[in-house]
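Reading through the structure tokens given below for one structure.
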There are 2 protein chains.
Amino acid sequence: MKSELEVFREYVRQRGLRWTQERKLILQKIFEIHEHFDVDSLHWLLKQNGVKVSKASIYRALPLFIDCGLVREVDFSDGHWHYEHIYGHKHHNHMKCLGCGEVREFEEPILAQVDQRLTQEYGYSVVFHQLEVRGYCPACQKAGEETRAR
Amino acid sequence: MKSELEVFREYVRQRGLRWTQERKLILQKIFEIHEHFDVDSLHWLLKQNGVKVSKASIYRALPLFIDCGLVREVDFSDGHWHYEHIYGHKHHNHMKCLGCGEVREFEEPILAQVDQRLTQEYGYSVVFHQLEVRGYCPACQKAGEETRAR
DNA sequence: TTTATTATAGCAATTTAATCTCAATAAATA
DNA sequence: TATTTATTGAGATTAAATTGCTATAATAAA
Ligand SMILES: [Mn+2]
Ligand SMILES: [Mn+2]
Ligand SMILES: [Zn+2]
Ligand SMILES: [Zn+2]
């Protein structure tokens, strides 16, 4: 399998864009992070590692990474975008606890059927889907019960 | 079934909040709109109808409507929130065309199974889910083929 | 009905994520 | 090496959303 850097390099060439140090450093860092991140935390992390890259460059690079399928946006409904690298990873969905904010990932093979049905029934060509689930994790349910019992 | 106004009135009483003209007018308008809306369009619509309500009041009222289950946020990934009234309506999901932006609603009974599985397998108590699908509608697929053929 | 209490409205100021402008720079290529 | 031009970084700008403050109106108490 091609590395993420190779994938991006090809993408960049095909479009007449440029393979820059900044883009390389940002992309490398993104694939070192094995959690969800936002622009701020990514920028801070790069800084920690002595890598000087402006937020503007991060904001400009992310759409490119997304466009070539290396990264995706994740919606945690908290007012700004989060991201994760997806290249080389299985598709998954998120469950976020409304109590503590913990995010749990899960696979859901059934959703492939949904995409299929949309294609057959409506003639849609599905590019991607995202299922976001909200609820309460076991710990927060327990905490809630105890509070109510008082 | 209780009307949306009654539902909200009870909610407001239980919490020691107040039943105001502004909130009533906003809520009424929301249930007259049978499409997705955002704060701007709602505000503009109210204005058109000679109803003077500030945007700040709309911004402050929406979380209340959401909290009592009358309204929900909808994510169209375009930089700001959209909303729709849901009280008295079946749960549905959205497919948004990446070409023309058209939003199509669809029901998907299979997703109830997903919620169930999350409860059984992870002990999660699911409050809600939202499946957002992106792809190309039949019209935009056709347009794309023609462009490529040239 | 009148008075007292306090949540809410409106307005402007503020916050903040994201985008944009522009001069300097560095990547591609001839 | 010289030329072309996409990209960078810094700060300015935009726009959605939130907040502070005072007047007001909704509710409860008298
Ligand atoms: Mn994830
Ligand atoms: Mn809808
Ligand atoms: Zn939790
Ligand atoms: Zn379309």
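Convention: sequence-line order gives letters A, B, ...; per-chain numbering from 1. All heavy atoms count here, side chains included; hydrogens, waters and symmetry mates do not.
- For A:R60 and A:V39, each mapped to the nucleotide of DNA chain C holding its nearest heavy atom, the one lying further toward the 5' end belongs to A:V39.
- Contact annotation: A:T20 does not reach the phosphate of C:dA27 (side-chain N/O to OP1 or OP2, under 4.0 Å).
- Contact annotation: side chain of A:R18 to base of D:dT5, donor-acceptor pair present below 3.5 Å.
- Rounding to whole angstrom units, CG of residue B:D78 and P of D:dT14 are separated by 20 Å.
- By the 4.0 Å N-to-carboxylate-O rule, B:D75 lies too far from B:K96 to be salt-bridged with it.
- A donor atom on one side chain and an acceptor atom on the other are found under 3.5 Å apart for A:H92 and A:E84.
- Residue-level contact check: A:K52 touches the backbone only, with heavy atoms under 4.0 Å from sugar-phosphate atoms and none from bases.
- If you measure from atom CD of B:E73 to atom C1' of D:dA16, you get 13 Å, rounded to the nearest angstrom.
- Nearest-nucleotide assignment on DNA chain D puts the 5′-proximal partner with A:L17, out of B:Q21 and A:L17.
- Of the charged side-chain nitrogens involved, none lies within less than 4.0 Å of a carboxylate oxygen, so that A:R9 and A:E6 do not count as a salt-bridged pair.
- The existence of a salt bridge linking B:E22 and B:K52 is excluded, since no basic side-chain nitrogen approaches an acidic carboxylate oxygen closer than 4.0 Å.
- Across the interface with DNA chain C, nearest-nucleotide mapping of A:W19 and B:E22 shows B:E22 to be the residue nearer the 5′ end.
- OP1 or OP2 of D:dT18 has not a single side-chain nitrogen or oxygen of B:Y59 nearer than 4.0 Å.
- Counting to the nearest Å, the P atom of C:dA27 and the CZ atom of A:F8 are 14 Å from each other.
- The NE2-P distance, from B:H43 to D:dA17, rounds to 14 Å in whole Å.
- Distances shorter than 4.0 Å separate some side-chain N or O of A:R23 from OP1 or OP2 on D:dT8.
- Spacing between atom CD1 of A:I66 and atom C1' of C:dA18 amounts to 13 Å, rounded to whole angstrom units.
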